[in-house]
Number of protein chains: 2
Amino acid sequence: VAVISVSDEGEFGLIARITSRLTTTDRVLLGPGDDAAVVSAPDGRVVATTDVLVDGRHFRRDWSSAHDVGRKAAAQNLADVVAMGAVPTALLVGLACPATLAADWVDGLADGLRDEAELVGAAVVGGDVVSADTLCISVTALGDLRGRPPLTRSAAQPGDVVVVVGRLGEAAAGLAMLRAGRTEHPLAEAHRRPTVAYSEALALADAGATSMVDVSDGLVADLGHVAVASGVRIELVARDLPLSQELADAAEELGVDPLSWVAGGGDDHAFAATLPAHLAADRPLIGRVLAPRDDAEPGVSFLDLTPPDVAGHEHFRS
Amino acid sequence: VAVISVSDEGEFGLIARITSRLTTTDRVLLGPGDDAAVVSAPDGRVVATTDVLVDGRHFRRDWSSAHDVGRKAAAQNLADVVAMGAVPTALLVGLACPATLAADWVDGLADGLRDEAELVGAAVVGGDVVSADTLCISVTALGDLRGRPPLTRSAAQPGDVVVVVGRLGEAAAGLAMLRAGRTEHPLAEAHRRPTVAYSEALALADAGATSMVDVSDGLVADLGHVAVASGVRIELVARDLPLSQELADAAEELGVDPLSWVAGGGDDHAFAATLPAHLAADRPLIGRVLAPRDDAEPGVSFLDLTPPDVAGHEHFRS
């Protein structure tokens, strides 16, 4: 049976194929098919963010299914919207792909984008498909702040405590497993697509968080952004960071410090937030916010250890 | 003097370099630097569209400057927003580029995006930079409908007249000139970056247009989308299409039918609109909208000729 490629479908055939798989919501006032989409923005503001995923860098087609890639591409953008304290409403997707790509790979991608968006009540409302030598997926997510101020990185206050929701280090551990050839290891799934704690993060926003960040570069790196933007120090307690037995076992198996994954790994899209101690309820704390001192500038440190190399990931640096 | 590449700058250096060149507006409630941007959407709705440009396909770096590419990338998205009758408010930009790309090329790109956005009072509010073998630029534009219904493709009415604002065929002629090695020909500029009639298009919306489309695939192709979506026939008058002496001369020089550019060329981002005849004022008319007949399905035809090959551009088809 011949494989149908995107060039067999042509641009309009491919678009029709994609849009036939999508669902909609009552936030979508005009969906795909016109020059632009129209999405409701009930409080008169819209939250917007864009991330780009490149084949061979952010995913590998031999490691991840098209559905996984779609879910991951959606998740990392939806997480950015949620980190502002907003409920995601819509995704737009730019797909640059080789003409030889199988059309059913694009079907899987569309399904993954749709399925992840549905987890938060959002929908794919538009996009573009073009041909390119390298498969490259750009996603824009929009969101609704529900009348609240945006939850920025710059409002952490000395005296706040630090909490985290979602998984930490599992995607990094999964990537290490995949690189070690352990493609069937359970943690590999965490690399293929994150399991994002959207509702727990929105609950933190509702509970009175002063700042929140999507952990995409690593906990220490991303809280470092919060510390600098807020002009505070953040002191973490390494022994209080979540560490599952599965992650500890995987670290031992590969001979790495599990903290390098938990404190330095991105791609799980956990959310780290600061909030006044009395609002933390029974959430486990991982650290606290302190005023800077003459001998201690804004940044992240550990109470109970000298940090290992957990600087986080930066593109273009090797 | 050594050229500074994007890998020399690193991700955060590159982002700082880009954001330092950007400007803002009172529509931007939170600009670059957090997990997401916040943009005002005063009437409770937001218009959103995404387009992707790929190096070697949508532009060539030996033919176009970085500033040209930035203006073009912004223009084609801003035009999609304006074609809905909306005023653009914000751009988000995803840049995938080789680590060896000169950082000052990215400066030029950012300047071009900023300058084109400023033409309509919009600003770049966010984005992402990642490394990739192929240079790929994805732009999302947001816009404000100012309390009006969106101007879709599906509401053209029999009895309407057809008008066009902006240039037609010049980008296609410019591309033909560039391909013929005539890199200094004045029309080559029209390929490098379109000159888009944003305000004239918004005036058409305000005047009571029933439908409007951004001409990106070619006049006949894009009006074909309007005809099918509206369930009407659109009859154009070839002799009434705008044709400058410069375009006629260029066509004669290259031995092509200028109508193939005017009716079949995209990339000028002209706007074609339908509106009731009594609202057309003194605008030049290029055709009229007719009801379909048993022997004439929705589509575009010419009153005064058998159309040449003006089917427009479709990606993935050669």
Side-chain angles (χ1 to χ4, degrees), chain A residues 6-7 9-12 14 29-30 33-42 44-52 54 57-58 80-81 83-84 86 90 92-96 99 125-134 136 138 140-143 145 150 152-153 213-214 229 314-317, chain B residues 6-7 9-12 14 29-30 33-42 44-52 54 57-58 80-81 83-84 86 90 92-96 99 125-134 136 138 140-143 145 150 152-153 213-214 229 314-317:
Chain A
V6 297
S7 68
E9 286 286 8
E11 180 184 4
F12 299 120
L14 191 63
L29 307 177
L30 185 70
D34 218 296
D35 288 298
V38 184
V39 179
S40 76
R45 299 168 300 168
V46 62
V47 171
T49 183
T50 291
D51 266 349
V52 181
V54 178
R57 295 181 190 263
H58 302 94
D80 279 328
V81 167
M84 303 305 289
L92 296 103
V93 183
L95 173 63
V125 298
D128 189 25
V129 294
V130 299
S131 59
D133 293 337
T134 304
C136 182
S138 63
T140 298
L142 306 180
L145 283 163
T152 66
R153 301 174 173 190
V213 70
D214 161 40
E314 185 177 5
H315 290 289
F316 303 116
R317 301 277 192 207
Chain B
V6 298
S7 68
E9 286 285 6
E11 180 184 2
F12 299 121
L14 191 63
L29 306 177
L30 186 69
D34 218 295
D35 288 298
V38 185
V39 179
S40 77
R45 299 168 298 169
V46 62
V47 171
T49 182
T50 291
D51 267 348
V52 182
V54 178
R57 295 182 190 262
H58 302 94
D80 279 329
V81 167
M84 304 303 290
L92 296 104
V93 182
L95 173 63
V125 299
D128 189 24
V129 294
V130 300
S131 58
D133 293 336
T134 304
C136 181
S138 63
T140 298
L142 307 180
L145 283 163
T152 66
R153 301 175 173 189
V213 70
D214 162 39
E314 186 177 5
H315 289 290
F316 302 116
R317 300 279 193 206

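In what follows, every chain begins at residue 1, and chains take the letters A, B, ... in the order their sequences are listed.
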K.L.:
Checking heavy atoms, do the side chain of B:Ala48, its backbone, both or neither come under 4.5 Å from chain A?
P.N.:
both
K.L.:
So do the side chains of A:Val93 and B:Thr50 get within less than 4.5 Å of each other, counting heavy atoms only?
P.N.:
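A:Val93 does not reach B:Thr50 side chain to side chain.
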K.L.:
Counting heavy-atom pairs under 4.5 Å with chain B, which one of A:Val47, A:Val46, A:Thr134, A:Thr49 comes out on top?
P.N.:
A:Val46
K.L.:
Of the backbone (N, CA, C, O) and the side chain (C-beta and beyond), which part of B:Val54 lies under 4.5 Å from a heavy atom of chain A, both, or neither?
P.N.:
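Only the side chain of B:Val54 comes within 4.5 Å of chain A.
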K.L.:
Who are the side-chain hydrogen bond (donor to acceptor under 3.5 Å, both in side chains) partners of A:Asp214, not counting sequence neighbours?
P.N.:
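Here the qualifying residues are A:His269.
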K.L.:
Apply salt bridge (charged side-chain N to carboxylate O under 4.0 Å, His left out) to A:Asp34 and list each qualifying residue two or more places apart in sequence or on a separate chain.
P.N.:
B:Arg153
K.L.:
Taking the side chain as every heavy atom from C-beta outward, state whether B:Leu30 and A:Met84 have any atom pair closer than 4.5 Å.
P.N.:
yes
K.L.:
Between chain A and each of B:Gly126, B:Ala141, B:Ala37, count heavy-atom pairs under 4.5 Å; write down the option with the most.
P.N.:
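The option with the most such pairs is B:Ala37.
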